[in-house]
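Report on one structure; see the data block that follows.
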Amino acid sequence: MVDLRQLRDDPERFRKGAEKKGFTVNIDEVLRCDDERRRLQAAIDRRRQDLGLKSARMKKAGDEERRKLQDELKNFSREIKIDEIKLRQKESDLEAGLLLIPNPPLEDVPVGKDESGNIEIRRWGEPPEFSFEPKDHVELGAAHDLFDIERGVKVAGTRSYYLKNEGAMLEDALMRYAMDFLVKRGYTPFVTPVIVREECMVGSGYFPVGTEEAYAIEKDGLYLIGTSEVALLSYHKDEILTEEELPKKYAASTTCFRREAGSYGKDTRGLYRVHQFQKIEQVVICRDDPDEMQKLHEELLRNAEEIVQGLGLPYRVVEVCTGEMGMGQIKKHDIECWMPGRGGFGETHSCSSFGDFQSRRSKLRFKGADGKNRFPFTLNNTAAASPRLLIAILETCQNPDGSVTVPDALVPYMNGKTRIG
RNA sequence: GGAGAGAUGGCUGAGUGGUCGAAAGCGGCGGUCUUGAAAACCGUUGUCCCUCCCGGGACCGGGGGUUCGAAUCCCUCUCUCUCCGCCA
């Protein structure tokens, strides 16, 4: 959620921000709503004061005065009540409008309307040159019985799959490896709920824009998370933290669920785009200091890069342009790992800074040194996601004989197994 | 699934129609004392909105109602808890 005061002071900034991101919003209407709300509020305040004073007199008034006052005040208070209902309506209109205004990207974010506007900022590792005809992960999976997509579809519909044998173990190994890495870096490990209340979806910024992307459990008014960021962020929802306990550095291991609505026909082969996957996610809550946020953004990015480097997977980091950003993000980098089967890079990680957007929505605050409550800044990044990373691993580490070498970092988590097939 | 209980400030918890933004305790902050700390004692300490200021207003889970006046009474929704049953 955007700061109403800032919106009033500089609506142009938010208009431009929304435009850069490709969102349509009616900021004038929100401001008009705010204006009417304040006018109503002021009028009500004045009359309430009046009513309060006269009511207080009632207690010690004589019979006659009392009767007179009662008649007068009866209507008076009815009118106030009517206005209060109008006010409440305005307030909820305003709130609804505010929820639709995207957070303007930082000034230095490249402007663009789709991924062609992203800027590659560095590469690590060399895409492998195969002396043989490399297989893609679907073929490798079939060869070693690592997963079963057909039966996944039979059981759960399109974009579903089973992992089995070393495929199942590899996912587990990857998750453990990534989590251990973060715990060593001082992150608090979590396993969180994957089913959350609507307010958590709103709080993290995925609702109301984006409801189509989440699975709903209508009967209970609950939703499946698309990322543990939602649950991790909501952990401190409605709380007031102390400045000393910041930054909070969290890591969660969960299943994630995405409907992938509107992506029909896209990435239909293999395990690249699926409805359910495993992920270790990093979330940080820090003071409302842009410099600190930037440092932590870099830390989150570095963590992910080192995790990928540890697997020996070539990748590149791209700075994501305005048009590819979500509602709340003000800065975003993706890590894309080399996937030989695609003959290109595929997104495996996404690192975002939100400023106070999410904390405002989640009513998450901290008490500053001056005793004032403030909204902290939040950030998050993937640490490892499967099966996307499995694709990169299988395809990159395949051998001429069709076997796959297990990355050294995962061997301990594979019970010492160094090779698949 | 059945039966109850409850929702009050950072926390615990009192408050059943006006003097209640709300007792008390804890916690926090400031001070006295102390070589320092602890203890003790004194003071202070909710959130939000409008306003240049002075000041005003709202908030006792949400919404509606009764009343001149509601934390307090009524309705409703949401949430939490306890017991029983069922089950992982």
Side-chain angles (χ1 to χ4, degrees), chain A residues 1-9 30-99 191 193-203 207-208 216-223 231 234-246 248 254-255 285 287-288 356 359-376:
Chain A
M1 172 129 48
V2 133
D3 182 7
L4 179 57
R5 225 172 289 232
Q6 286 177 22
L7 184 71
R8 281 206 290 256
D9 291 347
V30 173
L31 287 176
R32 197 173 324 124
C33 196
D34 172 49
D35 215 58
E36 287 169 31
R37 186 202 110 232
R38 277 187 295 166
R39 226 197 315 268
L40 258 173
Q41 176 76 260
I44 289 170
D45 283 359
R46 248 178 286 120
R47 294 204 280 170
R48 271 205 101 84
Q49 180 179 17
D50 200 20
L51 177 71
L53 292 171
K54 286 179 174 151
S55 280
R57 239 192 287 151
M58 182 72 75
K59 201 170 60 156
K60 45 189 162 193
D63 282 351
E64 192 179 335
E65 193 190 351
R66 181 182 300 241
R67 221 171 306 114
K68 247 175 67 188
L69 269 175
Q70 264 182 16
D71 283 347
E72 183 190 344
L73 293 185
K74 200 174 201 128
N75 285 324
F76 200 45
S77 89
R78 200 189 330 263
E79 284 165 27
I80 293 177
K81 214 150 266 180
I82 288 166
D83 274 358
E84 275 179 331
I85 287 167
K86 277 195 231 160
L87 175 66
R88 207 141 291 139
Q89 184 58 45
K90 276 279 170 272
E91 281 172 341
S92 77
D93 289 351
L94 177 64
E95 164 97 5
L98 276 177
L99 284 176
V191 173
V194 296
I195 306 173
V196 300
R197 295 183 202 281
E198 183 177 18
E199 60 210 65
C200 301
M201 299 300 280
V202 174
F207 280 13
I217 302 171
E218 277 176 50
K219 204 172 170 190
D220 302 292
L222 297 170
Y223 298 86
S234 302
Y235 186 67
H236 290 298
K237 182 178 150 33
D238 297 322
E239 294 183 18
I240 301 175
L241 304 173
T242 62
E243 184 158 358
E244 299 80 66
E245 61 186 314
L246 299 179
K248 294 279 193 192
T254 67
T255 307
I285 302 167
R287 293 183 302 133
D288 55 344
D356 61 9
S359 57
R360 259 176 213 290
R361 289 184 168 228
S362 300
K363 296 182 184 63
L364 160 57
R365 290 166 296 175
F366 75 98
K367 197 171 277 295
D370 56 359
K372 287 254 190 293
N373 292 329
R374 291 211 227 302
F375 293 104

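Not measured: the values here are computed from a predicted model. By convention in this document, chain letters (A, B, ...) are assigned in the order of the sequence lines, proteins followed by strands, and residues within each chain are numbered from 1.
Residues of residues 44-54 of chain A that place a heavy atom closer than 4.0 Å to RNA chain B, in numerical order, are A:D45, A:R48, A:Q49, A:L51.
Separating the CD atom of A:E84 from the P atom of B:G64 is a distance of 8 Å, rounded to the nearest angstrom. Atom pair A:E239:CD and B:G9:C1' shows a separation of 16 Å (rounding to whole Å applied). Distance CD1 (A:I82) to C1' (B:G65): 14 Å, rounded to an integer number of Å. Here B:G62 presents its C1' atom at 15 Å from CD of A:E198, a figure rounded to the nearest Å. Counting to the nearest Å, the P atom of B:C59 and the CD atom of A:E91 are 11 Å from each other. We find that CD1 of A:I80 is positioned 14 Å from P of B:G65, with the value rounded to whole Å. The separation between A:Q70 atom CD and B:C68 atom P is 5 Å, rounded to whole Å. As rounded to whole Å, 17 Å separates atom C1' of B:C48 from atom CZ of A:R374.
For A:K363, the side-chain hydrogen bond (donor to acceptor under 3.5 Å, both in side chains) test picks out no residue, with sequence neighbours left out. A:F207 meets the ring-ring contact (aromatic ring centres under 6.0 Å, His included) test with A:Y223; sequence neighbours excluded. Under the side-chain hydrogen bond (donor to acceptor under 3.5 Å, both in side chains) criterion, A:E239 pairs with A:H236, sequence neighbours left out. Legend: residues meeting side-chain hydrogen bond (donor to acceptor under 3.5 Å, both in side chains) with A:Q70, ordered by chain and number and at least two apart, are absent.
Comparing B:U51, B:C49, B:G64 against the side chain of A:R38 picks out B:U51 as the nearest.
For B:G9, there is no paired base (Watson-Crick or G-U wobble, both distances below 3.5 Å). Nucleotide B:U44: paired with B:G28 (Watson-Crick or G-U wobble, both distances less than 3.5 Å). Pair check for B:A39 finds none; no Watson-Crick or G-U wobble contact set falls under 3.5 Å. Here B:A3 sits opposite B:U82 as a Watson-Crick or G-U wobble pair (both hydrogen-bonding atom distances under 3.5 Å).
For A:K81 against B:U67, a side-chain-to-base donor-acceptor contact under 3.5 Å is present.
Checked by atom type, the side-chain pair A:S92/A:E95 shows no donor-acceptor distance below 3.5 Å.
In this structure, A:R365 reaches the sugar-phosphate backbone alone: every heavy-atom distance under 4.0 Å involves primed, P, OP1 or OP2 atoms, never a base. Residue A:R197 is classed as a sugar-phosphate contact, given heavy-atom separations below 4.0 Å to backbone atoms only. At the heavy-atom level, A:N373 lies under 4.0 Å from the strands shown only through sugar-phosphate atoms.
Once rounded to the nearest 0.5 Å, the distance linking CG of A:L94 with CG of A:L7 reads 9.0 Å.
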Distance-only donor-acceptor pairs under 3.5 Å for side chains of residues 47-56 of chain A, two or more places apart:
unit_1	atom_1	unit_2	atom_2	d
A:R47	NH1	A:E79	OE1	3.1
A:R47	NH2	A:D83	OD2	2.5
A:R48	NH1	A:E84	OE2	2.4
A:K54	NZ	A:E72	OE2	3.2
A:S55	OG	A:L51	O	3.1

